[in-house]
K.L.:
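To start, I am sharing the structure in question, which I have written as structure tokens.
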Amino acid sequence: MGWSPLYKADRLARALGLDTLYLKDDGQNPTSSLKDRASALAVVKAREAGADTIACSSTGNAASSLAGNAAAAGLSTYIFVPSRAPRGKVAQLRIFGATVISVEGSYEDTFELSRAAIDRWGWYNRNAAINPYLSEGKKTVTLEILEQLGWQAPDYIALSVGDGCTIAGAWKGLKDLYAAGFIDRLPRLISVQAEGCCPLNRAVQTGRPWAPMEENTLADSIAVGVPRNPDKALRAIRESDGVAVNVSDGEILEAMRLLGRTQGVFGEPAGRPAPPG
């Protein structure tokens with residue numbers, strides 16, 4: 001039923017003091033990332049457009065996802081990553097045959113360089129904040145969650161947030177289901193960001209416009225100081241009467257350990273940014 005399983009995480013729920021908790025494990029997608037949802041669609045649309053090369057900027061997960069999906073489809077990739085990108089993720093890109101451009105600077109610098117190169121060379125653009133098709137891929141996570149729950153909407157759906165593209169796509173999927181009559185109510189969203197880089201959550205919590213932040217967290221995949229989909233993300237959180245939660249690096253590491261010992265699931269820092277209690 002869909003790409004990845006939905007676990008009823010009873011031991012983890014008890015550890016967190018919750019009645020019921022489900023875990024959507026997108027680590028079982030083809031390249032072990034939720035980003036496969038958007039990358040698969042990017043590959044399809046690139047081939048429809050007659051492109052033979054796809055490019056993007058990424059802090060790591062979108063990069064490896066695109067490289068793997070493109071390799072499977074016989075397409076070339078150019079991937080722009082900040083120099084702080086973990087070596088393991090860069091190695092994965094090279095194994096998939098991607099051309100990797102390491103950028104000295106922030107994710108903002110990386111994004112701008114990728115955009116300039118894509119415009120100059122005419123590559124297909126996989127950057128989710130620019131390519132509108134990718135939201136249709138990202139929204140499939142909530143379509144699957146509700147299908148796997150028998151169309152019974154949960155009270156909350158928690159997502160880690162960086163650029164804002166995933167939470168915006170997830171909300172689009174939920175609204176589509178509600179409009180079509182598959183669900184009779186909409187869940188509230190929980191936007192989780194690292195406290196060392198939380199520009200979107202800070203805007204929700206203060207009621208002020210979002211402002212850039214430094215990228216100071218070990219959760220590199222959500223360390224986005226200048227998010228590229230802020231308006232859609234903030235609209236999703238606010239329309240859902242959502243909750244913004246910031247977590248420290250220490251809480252992220254403890255959450256990883258808790259998830260591992262209670263559920264036998266290994267998650268990277270950006271995929272498990274939830275406080276343990």
Side-chain angles (χ1 to χ4, degrees), residues 1-38 58-65 68 85-89 92 138 140-142 144-149 153-167 169-170 187-198 200-201 216-224 237 242-277:
M1 186 182 295
W3 283 5
S4 62
L6 187 73
Y7 301 108
K8 190 175 183 184
D10 291 332
R11 293 182 63 196
L12 182 57
R14 288 195 297 272
L16 295 172
L18 301 174
D19 291 333
T20 306
L21 176 66
Y22 290 91
L23 173 67
K24 182 68 166 169
D25 186 8
D26 264 10
Q28 296 193 37
N29 284 345
T31 71
S32 304
S33 172
L34 65 91
K35 303 288 186 174
D36 284 344
R37 299 177 179 278
S58 169
T59 54
N61 285 336
S64 57
S65 171
R87 291 182 180 180
K89 290 182 180 178
Q92 188 179 19
K138 288 178 177 289
T140 62
V141 68
T142 42
E144 286 182 16
I145 288 171
L146 270 297
E147 180 186 16
Q148 289 166 322
L149 290 176
D155 295 326
Y156 294 90
I157 295 180
L159 303 102
S160 55
V161 175
D163 240 341
C165 301
T166 298
I167 197 168
R188 298 173 68 187
L189 299 180
I190 302 176
S191 169
V192 185
Q193 291 200 289
E195 64 181 20
C197 190
C198 56
L200 295 176
N201 279 2
N216 184 23
T217 173
L218 60 81
D220 56 275
S221 294
I222 57 170
V224 181
I237 299 166
V243 180
V245 178
N246 302 326
V247 291
S248 68
D249 283 359
E251 289 174 319
I252 290 172
L253 291 172
E254 176 54 28
M256 292 172 64
R257 290 189 287 266
L258 181 63
L259 180 64
R261 66 176 178 260
T262 60
Q263 298 301 135
V265 174
F266 178 83
E268 66 157 305
R272 304 290 178 258

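This structure is a prediction, so every number in the text was calculated from the model and none was measured. What's counted below: heavy atoms across the whole structure, side chains too, no hydrogens, waters or symmetry copies.
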K.L.:
Taking distance alone, no hydrogens or angles, what donor-acceptor pairs closer than 3.5 Å link side-chain atoms of residues 259-267 to residues at least two apart or in another chain?
P.N.:
residue, atom, partner, partner atom, Å
Arg261, NH2, Glu254, OE2, 3.1
Thr262, OG1, Leu258, O, 2.7
Gln263, OE1, Leu12, N, 3.3

K.L.:
Rounded to the nearest 0.5 Å, what separation is found between the CG atom of Asp26 and the NZ atom of Lys35?
P.N.:
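The CG atom of Asp26 sits 11.0 Å away from the NZ atom of Lys35.
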
K.L.:
Is there a side-chain contact (heavy atoms from CB on, under 4.5 Å) between Arg37 and Ser4? Walk through the geometry before answering.
P.N.:
CA-CA 11 Å; Arg37 299 177 179 278; Ser4 62; 3.5 Å; yes

K.L.:
Nearest heavy-atom pair of Glu195 and Ser248: which atoms, and what distance?
P.N.:
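For Glu195 versus Ser248, the nearest heavy atoms are OE2-CB, 3.3 Å.
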
K.L.:
For Asp249, check side-chain contact (heavy atoms from CB on, under 4.5 Å) against everything at least two apart and list the hits.
P.N.:
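With neighbours one apart ignored, the set is Thr217, Leu218, Ile252.
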
K.L.:
Roughly how far, to the nearest 0.5 Å, is the CD1 atom of Ile157 from the CG atom of Leu149?
P.N.:
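Atom-to-atom, Leu149:CG and Ile157:CD1 are 8.0 Å apart.
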
K.L.:
Specify the closest pair of heavy atoms between Pro269 and Ala219, including all atoms of both residues, with the distance to one decimal.
P.N.:
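Minimum heavy-atom separation between Pro269 and Ala219: CB-CA, 3.9 Å.
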
K.L.:
Might you point out which heavy atoms bring Pro154 and Pro187 nearest each other, and give the distance in Å?
P.N.:
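Looking at all heavy atoms of both residues, the shortest contact is O-CB, 3.3 Å.
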
K.L.:
Which heavy atom of Thr166 sits nearest a heavy atom of Lys138, and at what distance?
P.N.:
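Smallest heavy-atom distance, with atoms named: OG1-NZ, 3.1 Å.
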
K.L.:
Distance from Asn201 atom CG to Asn246 atom CG, nearest 0.5 Å?
P.N.:
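The CG atom of Asn246 is 4.5 Å from CG of Asn201, to the nearest 0.5 Å.
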
K.L.:
How far does CD1 of Ile222 sit from CG of Leu200, to the nearest 0.5 angstrom?
P.N.:
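One gets 11.0 Å once the value is rounded to the nearest 0.5 Å.
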
K.L.:
Will you find, in the side chains of Asn61 and Ser33, an N or O donor that is under 3.5 Å from an N or O acceptor?
P.N.:
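No, no side-chain donor-acceptor pair sits under 3.5 Å.
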
K.L.:
Determine, stepwise, if the pair Glu144 / Leu6 fulfils side-chain contact (heavy atoms from CB on, under 4.5 Å).
P.N.:
CA-CA 9 Å; Glu144 286 182 16; Leu6 187 73; over 6 Å; no

K.L.:
Which pair of non-hydrogen atoms, one from Ala153 and one from Leu146, has the smallest distance, and what is that distance?
P.N.:
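Smallest interatomic distance, heavy atoms only, reads CA-CD1, 3.6 Å.
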
K.L.:
Using 0.5 Å steps for rounding, measure from the CG atom of Leu21 to the NZ atom of Lys8.
P.N.:
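NZ of Lys8 is found 10.5 Å from CG of Leu21.
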
K.L.:
Kindly compute the distance separating OG (Ser32) from CG (Asp25), expressed to the nearest 0.5 Å.
P.N.:
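Output value for this atom pair is 9.0 Å.
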
K.L.:
Quick check against the 3.5 Å criterion: does Asp36 have a side-chain atom that pairs as donor or acceptor with the backbone of Thr31?
P.N.:
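It does hold such a pair.
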
K.L.:
Between Ala62 and Ser58, what is the shortest heavy-atom contact and its length?
P.N.:
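In terms of heavy atoms, the two residues are closest at N-OG, 3.4 Å.
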
K.L.:
Hey, which of Leu34, Thr142, Val141 is the one that makes side chain to side chain contact (heavy atoms under 4.5 Å, CB included) with Lys24?
P.N.:
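The option that passes is Val141.
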
